[in-house]
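The structure appears right after this line, and notes come after that.
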Amino acid sequence: QVQLAESGGGSVQAGGSLRLSCSASGDTFSSYAVGWFRQAPGKEREFVAALSYSSGSVHYAGSVRGRFTISRDNANNTALLEMTSLQPDDTAVYYCAAHVSRGLPVEYDYWGQGTQVTVSS
């Protein structure tokens with residue numbers, strides 16, 4: 001199994017950028033598809049972006065497409081989420097997730113603890 005730890009959250013003004021990092025340990029990270037999710041106060045957790053084990057397949061939620069970029073560095077067991085043009089609606093706790101899959105999984109077995117992103121207007 002794999003353990004995940006997010007970092008890079010913080011507070012920014014609208015229009016700003018942040019880069020979230022997901023550090024993996026405990027298993028061969030390159031076997032896992034990775035996803036990013038977020039949960040805003042009072043709302044259900046929602047999908048943000050996903051990337052296959054080889055980076056050959058990628059998918060974004062419509063609300064972030066063109067503003068967020070997911071990537072991974074299997075050599076360093078890390079996944080990234082570059083976020084630009086941030087808006088107050090992007091405020092949430094962001095979670096990294098992983099699942100052993102050749103493609104983009106429907107569900108994920110492993111989750112990090114989350115990192116807070118706050119965007120002020």
Side-chain angles (χ1 to χ4, degrees):
Q1 60 183 8
V2 66
Q3 292 80 47
L4 305 173
E6 304 92 339
S7 61
S11 298
V12 296
Q13 291 189 327
S17 300
L18 281 175
R19 184 176 71 172
L20 304 184
S21 180
C22 175
S23 179
S25 62
D27 200 356
T28 305
F29 184 58
S30 58
S31 298
Y32 291 77
V34 63
W36 286 94
F37 293 76
R38 66 187 182 186
Q39 187 166 20
K43 295 186 177 181
E44 293 187 353
R45 185 171 61 196
E46 65 174 358
F47 168 80
V48 174
L51 188 64
S52 65
Y53 77 107
S54 65
S55 300
S57 297
V58 62
H59 182 58
Y60 293 97
S63 59
V64 307
R65 188 174 295 117
R67 299 188 299 124
F68 291 12
T69 302
I70 186 172
S71 62
R72 65 190 298 159
D73 180 353
N74 287 338
N76 290 303
N77 296 329
T78 301
L80 299 175
L81 185 68
E82 301 273 1
M83 306 185 295
T84 65
S85 302
L86 285 162
Q87 298 301 315
D89 284 349
D90 295 316
T91 295
V93 177
Y94 283 72
Y95 298 91
C96 173
H99 187 82
V100 175
S101 175
R102 304 292 283 185
L104 298 179
V106 175
E107 57 185 20
Y108 291 78
D109 288 333
Y110 304 101
W111 294 82
Q113 294 299 306
T115 186
Q116 176 71 47
V117 171
T118 302
V119 184
S120 58
S121 57

Minimum-distance pair of heavy atoms, taken over all atoms of L4 and C96 = CD1-O, 3.7 Å

Taking atom OG of S31 and atom NE2 of H99, what is their separation to the nearest 0.5 Å?
-> 12.0 Å

With sequence neighbours excluded, what pairs up with T118 under the side chain to side chain contact (heavy atoms under 4.5 Å, CB included) test?
-> S11, T91, Q116

May I ask you to test the D27-Q1 pair for a side-chain heavy-atom distance under 4.5 Å?
-> no

Cluster link Y108 to V93, ILVMFWY, side chain under 4.5 Å = yes

Taking the side chain as every heavy atom from C-beta outward, state whether R38 and V64 have any atom pair closer than 4.5 Å.
-> yes

Does R102 CZ have over 12 foreign heavy atoms under 6.0 Å away?
-> no

Check whether any side-chain heavy atom of E6 lies under 4.5 Å from a side-chain heavy atom of L20, and answer yes or no.
-> no

Look up atom OG1 in T78 and atom CZ in R72, then write down how far apart they are to the nearest 0.5 Å.
-> 10.0 Å

Is W111 linked to F29 within one hydrophobic cluster, defined over Ile, Leu, Val, Met, Phe, Trp and Tyr using a side-chain heavy-atom separation of less than 4.5 Å?
-> no

Under a single-linkage definition using a 4.5 Å side-chain heavy-atom cutoff for Ile, Leu, Val, Met, Phe, Trp and Tyr, are L18 and Y94 assigned to the same hydrophobic cluster?
-> yes

Can Y60 and T69 be said to form a side-chain contact (heavy atoms from CB on, under 4.5 Å), step by step?
-> CA-CA 8 Å; Y60 293 97; T69 302; 3.8 Å; yes

Any sub-3.5 Å donor-acceptor pair from S101's side-chain atoms to G103's backbone N or O?
-> yes

Nearest heavy-atom contact between S52 and L104 is N-CD2, 3.4 Å

Minimum side-chain heavy-atom gap V58-I70 below 4.5 Å = yes

Heavy-atom side-chain proximity of N77 to S25 below 4.5 angstrom | no

For Q39 and Y95, work out which heavy atoms get closest and say how close.
-> CB-CE1, 4.3 Å

Measure from the side-chain N and O atoms of N74 to the backbone N and O of Y53, and report whether any donor-acceptor pair falls under 3.5 Å.
-> yes

Any chance you could lay out the ring-ring contact (aromatic ring centres under 6.0 Å, His included) test for W36 and F68, step after step, and finish with the verdict?
-> CA-CA 11 Å; W36 286 94; F68 291 12; 9.9 Å; no

Residue pair M83 / R67, side-chain heavy-atom distance below 4.5 Å | no

Can you get from V48 to V119 by hopping between Ile, Leu, Val, Met, Phe, Trp and Tyr side chains that sit under 4.5 Å apart?
-> yes

Atom pair OG/CD of S7 and Q113 - distance to nearest 0.5 Å | 13.5 Å

Considering non-hydrogen atoms only, spot the tightest contact between S121 and A14 and give its length.
-> CA-CB, 4.3 Å

Going through the checks in order, is the side-chain contact (heavy atoms from CB on, under 4.5 Å) test met by S17 and V12?
-> CA-CA 7 Å; S17 300; V12 296; over 6 Å; no

